[in-house]
Amino acid sequence: MSDSVGSHNIESVLHEERRFPPPSDFAAQAHISSEEQYQQMWQQAKDDPAGFWGEIARSQLEWMEPFETTCEGEMPDTKWFVGGKINATVNCIDRHLKTWRKNKAAIIWEGEPGDERVLTYQDLHREVCKFANVLKKLGVETGDRVTIYMPMVPELAIAMLACARIGATHSIVFGGFSADAVADRNNDAQSKLVITADGGWRRGKEVPLKAAVDASLEKSKSIEKVVVVRRTGGDVTMVPDRDYWWHDLMEDVSAECDPVALDAEHPLYILYTSGSTGKPKGVLHTTGGYMLGAMMTSKWVFDLKDEDTYWCTADIGWVTGHSYIIYGPLANGATTVMYEGAPNWPDEGRFWQIVEKYKVNIFYTAPTAIRAFIKWGDDWPNQYDLSSLRLLGSVGEPINPEAWMWYHRTIGKERCPIVDTWWQTETGAIMISPLPGVTEAKPGSCTRPLPGVVPDIVSEEGESLGDNQGGLLVMKQPWPSMLRTLYGDHQRFLDTYFSKIDGCYFAGDGARRDEDGYYWVMGRVDDVLNVSGHRLSTMEVESALVSHEAVAEAAVVGFPHDLKGEGICCFVIPKGTDVSEETKKELIAHVRQQIGAIATPDQIRFTNSLPKTRSGKIMRRLLRDIAAGRESTQDTTTLEDFSVLAKLREEAE
Ligand code: WTA
């Protein structure tokens, strides 16, 4: 735990007076359409979670064998739908084939160069079954781990669902991560197989994924085989008996593959995310509870209807893509749009061009993207017909009221409700969010908890705080889609989430609840940065820096950044006297190579010393003030050497 509670994170944000009730025509057609309905659901889920979730799980999911007990055990070791057998792909695909949805578009895909592919539910079924057979042929068995490191192409969706079909646990690594990051994740999960592509397209350039996999394999010995999708046609090295082309493997396999009946608690996937130490955490989600959470929140929050074209702009390498491009929408039988590339390629109008082209009705993106759109100017969206949109969503970081208002006016034309959805990799599904047909929005607030979510704001000592008092955001009741463990490290799971506040899940965020019961999330209270909506630990960046020969010591902090939300500022004590611009550039390149482009430092500041407490702990809050260029309001009585601070300030100028 860092020293930030009561300092930069939990500060009162600007008072926001504007209110935006749902348009009455939206409310009239919504899945949840009245305050009474919401209140009744929320209360029932709180008072009788087993009754509430049991009924929904039975009626909304397809079970291969019914469960006996809805929920067993106290948080954190709660098991859901005990005794039930289920397969995620039956719920995402097979059950729709029995209905008119068989030939409905499941995935509408657009590549960055402008190529298109539409997969109906029937197409998806065939491809998933075939690739599941390929996995079996390559020796993958139920319970094995498979790493997926791919661009946003349909084969990524097919690969993850094929794993789910046979009960192999997928671990998707975002394509922007480095070879080292892939190796670490392969090793931690002890993956047997990697699925990748020659490359992917990003701003017209090829991202060489296979080359990164090759480099990662020198350090990850558990990997036996690699499957490569041909996407860009770029040069790759194929190692005989280790590397196989996807299209070759798919040539002669059957399109029939029975789904494996898995325990409700069977691990569906591992997804690595940053915590407050240098080593990423393997968040583990299981099948029944996760599927229910992803499905129901998609329905409630995005008000998904069969006629909708729904587009979540996230990358599937992040949890948002898992839950809200694939599992949630497909479980609802929806049409989900998947776009491969950058929002500003070939120009800054690309997203709006896609909205117009496919007549997107529901659009879900991140505040960092919204801030970029604002910067690029209204002319871009104004050139396109956005009248198909009926609902907008935001995720990943607090949305500043100005960005909210711009989204509301320029994209939503003051017609579309906005759902500001708070959740985490760990929660699996949206936790706190407006219901678009019910909740009056206040720009900047993620508003109220969904049914089944019982949050509170508590002090460091765990006592419940009153209205508008900043504190720690916790969950007092378990929910079906919560993480079950950190892969291979259950103790770290207990320590990270359940040891801080007795009997509660500790989210790691600071927040306050206002007089209307609305939540205002202020950001992380641990050493986790939120850079463009992506989580990054300060220690991850620090260890990357100190692994460079020129660095003696490093301290990394976030600072407010117009586009990224948080930028990365690195205070570096060099080993020698070289403090040249070249060395700065080299250090930036080094961090990118160690972690990936998302960790690119915005600032490198060389210094001779770092402010420390008498016990030798780096005082990050002071560094944060310096990085932000603000006068420190912090208590400096424990600072070991007062002159350090003055020196750092001088150096910053
Ligand atoms: C932050 C992304 C404010 C928060 C789904 C959380 C948000 C972390 C919001 C999780 C929001 C996410 N308002 N903050 N609507 N959504 N966050 O695991 O700090 O990548 O703890 O999951 O993002 O990031 P993660």
Side-chain angles (χ1 to χ4, degrees), residues 2 4 8-10 13 16 172 174 176-177 269-276 280-285 293-294 297-298 301 312-325 327-328 364-370 392-401 403-404 407 418-434 439 441-450 453 455 472-475 481-483 486 496-497 505-513 518-537 558 564-566 598:
S2 84
S4 60
H8 88 302
N9 276 320
I10 305 186
V13 293
E16 177 57 60
I172 304 185
F174 170 59
F177 277 122
Y269 68 83
I270 301 168
L271 185 56
Y272 286 87
T273 186
S274 295
S276 31
K281 309 182 284 197
V283 168
L284 184 106
H285 283 293
T297 51
S298 296
V301 176
C312 164
T313 70
D315 191 290
I316 292 176
W318 308 107
V319 74
T320 306
H322 283 63
S323 299
Y324 298 109
I325 299 179
Y327 289 115
Y364 188 30
T365 197
T368 185
I370 296 170
L392 304 174
S394 169
V395 62
E397 53 177 315
I399 180 166
N400 35 317
W404 197 101
Y407 202 24
I418 296 180
V419 288
D420 174 0
T421 62
W422 179 89
W423 60 296
Q424 309 178 293
T425 305
E426 292 87 341
T427 68
I430 297 169
M431 301 288 278
I432 308 181
S433 166
T439 317
K442 301 184 191 181
S445 168
C446 54
T447 77
R448 300 182 299 184
L450 295 183
V453 176
L472 306 174
L473 178 59
V474 298
M475 300 297 150
S481 68
M482 69 189 283
L483 81 165
L486 292 176
T496 310
Y497 306 107
Y505 167 83
F506 168 59
D509 279 352
R512 71 180 164 94
R513 184 177 49 225
Y518 279 40
Y519 286 79
W520 297 79
V521 173
M522 262 75 99
R524 305 286 309 188
V525 294
D526 48 14
D527 293 323
V528 174
L529 304 176
N530 191 330
V531 180
S532 303
H534 299 143
R535 278 163 68 171
L536 208 59
S537 116
K564 298 182 179 181
E566 246 180 325
I598 56 159

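Read the numbers this way: they start at 1 and go in the same order the structure lists the ligands and their atoms.
- A side-chain donor-acceptor contact under 3.5 Å links Thr365 and Thr313.
- Side chain of Thr427 to backbone of Gln424: a donor-acceptor contact under 3.5 angstrom is found.
- Residues passing the side-chain hydrogen bond (donor to acceptor under 3.5 Å, both in side chains) test with Thr297, sequence neighbours excluded: Tyr324.
- Near ligand 1, Val319, Thr320, Val395, Gly396, Glu397, Pro398, Asp420, Thr421, Trp422, Trp423, Gln424, Thr425, Asp509, Val521, Arg524, Asn530, Arg535 each place a heavy atom less than 4.0 angstrom from the ligand.
- Aromatic rings of Phe506 and Tyr497 (six-membered ring for Trp) have centroids beyond the 6.0 Å cut-off, not under it.
- Annotation: Trp422 is not in aromatic contact with Tyr519 [ring centroid separation under 6.0 Å not met].
- The aromatic ring centres of His322 and Tyr269 sit less than 6.0 Å apart.
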